[in-house]
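Shown next, in structure tokens, is the structure this report addresses.
So that the names make sense, note that chain A is the first sequence line, chain B the second, and so on, each numbered from 1.
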2 protein chains.
Amino acid sequence: MAKYPLIKSTLKERLLSSHYPEGLPLPSEPQLAKEFEVSRMTARRAIDELEREGYVYRIQGAGTFPTGKRFRQGVFRVRPFKEWARGAETSTRVLQARIVDATPEMGIVMQIPVGDGVIFIHRVRCAGDEPLVIEKRYINAEMAQGLLEHNLAVESIHEVMVEKLGISMTRVEQSLEAVNLRQEEADLLQVPLGTAAFLIRRTSYSGVKRVAYINYWVRGDRYAFQDSFEP
Amino acid sequence: MAKYPLIKSTLKERLLSSHYPEGLPLPSEPQLAKEFEVSRMTARRAIDELEREGYVYRIQGAGTFPTGKRFRQGVFRVRPFKEWARGAETSTRVLQARIVDATPEMGIVMQIPVGDGVIFIHRVRCAGDEPLVIEKRYINAEMAQGLLEHNLAVESIHEVMVEKLGISMTRVEQSLEAVNLRQEEADLLQVPLGTAAFLIRRTSYSGVKRVAYINYWVRGDRYAFQDSFEP
DNA sequence: GAGTGGTCTAGACCACTCG
DNA sequence: GAGTGGTCTAGACCACTCG
């Protein structure tokens, strides 16, 4: 039998029973290797998996720390559109891209005063002429000046903001819902009214400031998340 | 700079451009190590990440294969029902729990001969008298003898199987879809026909054997996944 | 400067697949 | 039996943190 699963489950038990105090590092990798009588690489492998599962985080030079009790809230990850539509020819249709005044709703989600400038971008992303995703972005206009001068049908908006405009995104919060498409969205995606879809709501932060709020509607009949894990 | 990210991105490009034909293995790990002039462990690390991201899958003894062009990407995690229905009083209604003969469909998903015994369990899980989740489980009867003698309205089926019946679950594969509820499911969840819901399909393995196949329908108007990360 | 995690090497043995 | 991926070792050097 492999050794690292035993190390992993032993450490997991200790973490769940608060054997290692929060805020303090776990024993170092060489120490754990010694305790379990394995090479450092084998100890690392166990920790690698615990890190991926959210039990610990590592800081190079400082140590490995318990994440505390917040881990394991439902987690999902969404990859860039181009990656998951791989194989097919992808294209993007820009329906709107302009500066608008923040409505009260935008003011709340963006945390800015009503009337402030907001860049509104409305796009449809297709794979092989089939529309798959609707995207509505609201971006703090003050923080992303010059964004509208780029070709939004070709360039990745996120990349432009990070690489060309120098905005550092420090945190992303998102939620995933299952919804029935309304007439407007159904028409754009060319499916019947009420078709089930994923709705992803995403807020991007730069420090404490909210840079962008995005809604994605993803066709439920064309997309699935997939996961595999060892319990 | 580290070497494995370059290997990874090179392989990813090749996979996206169909450089490696579907159905055939990629070059073996020793061959890739040689090509990129690194040790086998470094080549493996690049492939490890591609596997985790769903670009390739590996079969011990046979090779590493491209996963092909399915629009299936991303990762999500589902918490146990009791955790996310927290705060509310949860209850479970068992609609059916009996042994049936495997239909051809069950035979395929369970990888057993048609006609073999399958434990079928149909439950509805509620929070505060409101139905939230429908569950249909198909379990290899041979591997889970005695399961039906437990109180399935109270006990966790997974825990009974692992702790009481001694079945070791080694791997779980699952997918997450957005679907419109059909009449039967809508009635059980007391929502209108066609309401959007999450459909989770889960297969549990014990080694190479498939222990269980489960479908969960989760009300889209009552559940959302949440995630937050640093890019 | 001592200690930490990040990466890498050149081997080794094993379980498994396949013709 | 040859080849594959799965695991492991005992080292090494590096970038980074911290007192």
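At least one side-chain nitrogen or oxygen of A:R44 sits closer than 4.0 Å to the OP1 or OP2 atom of C:dG6. When the side-chain nitrogen and oxygen atoms of B:Y4 are compared with OP1 and OP2 of C:dC8, none of them lie within a distance under 4.0 Å. Between A:T42 and D:dT9, a side-chain N or O to OP1/OP2 separation shorter than 4.0 Å is present. Proximity of A:R40 to the phosphate of D:dG11: no side-chain N or O atom is located under 4.0 Å from OP1 or OP2. At least one side-chain nitrogen or oxygen of A:S28 sits closer than 4.0 Å to the OP1 or OP2 atom of C:dT4. Contact annotation: B:S39 side-chain N/O to C:dA10 OP1/OP2 distance is not under 4.0 Å.
Both A:A43 and A:A62 sit near DNA chain D, but only A:A43 has its closest nucleotide nearer the 5' end. When each of A:G61 and A:D48 is assigned the nucleotide of DNA chain C with its nearest heavy atom, A:G61 is the one assigned upstream, toward the 5' end.
Partner B:I139 forms a side-chain contact (heavy atoms from CB on, under 4.5 Å) with one of B:I121, B:I214, B:V118 and no other, that one being B:I121. Of the options A:I47, A:L50, A:T64, a side-chain contact (heavy atoms from CB on, under 4.5 Å) to A:Y55 is made by A:L50 and by none of the others. If you run side-chain contact (heavy atoms from CB on, under 4.5 Å) between B:N215 and each of B:R201, B:R202, B:R137, only B:R201 comes through.
Rounded to an integer number of Å, the gap from CZ of B:R58 to C1' of C:dC18 is 19 Å. Here the C1' atom of nucleotide D:dC16 and the CD atom of A:Q60 are 5 Å apart, to the nearest Å. The nearest whole Å value for the distance from the CD1 atom in A:I59 to the P atom in C:dG6 is 10 Å. Residue A:K3 contributes atom NZ, which lies 13 Å from atom P of C:dC14 at whole-angstrom precision. Summarising the geometry, the separation between NZ on B:K34 and P on D:dG3 is reported as 13 Å, rounded to the nearest angstrom. Between the CG atom of A:L26 and the C1' atom of C:dG5 there is a distance of 13 Å, given to the nearest Å. Put simply, CZ on B:F65 is 11 Å from C1' on D:dG5, counting in whole angstrom units. If you measure from atom CG of B:L32 to atom P of D:dT4, you get 10 Å, rounded to the nearest angstrom.
The closest side-chain heavy-atom distance from A:F198 to A:R219 is not below 4.5 Å.
Within a 6.0 Å radius of CD in A:Q111, other residues, nucleotides and ligands contribute more than 12 heavy atoms.
By the 6.0 Å and 45° rule, A:R45 stacks over the aromatic ring of A:Y4.
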Subject >> Paired and unpaired positions of DNA chain D as dot-bracket, Watson-Crick or G-U wobble under 3.5 Å, | denoting a partner strand >> reply: ||||||||||||||||||.
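Comparing C:dG11, D:dA10, D:dG5 by their closest approach to the side chain of B:T64 singles out D:dG5.
At least one donor-acceptor pair under 3.5 Å links the side chain of B:T103 to the backbone N or O of B:M106.
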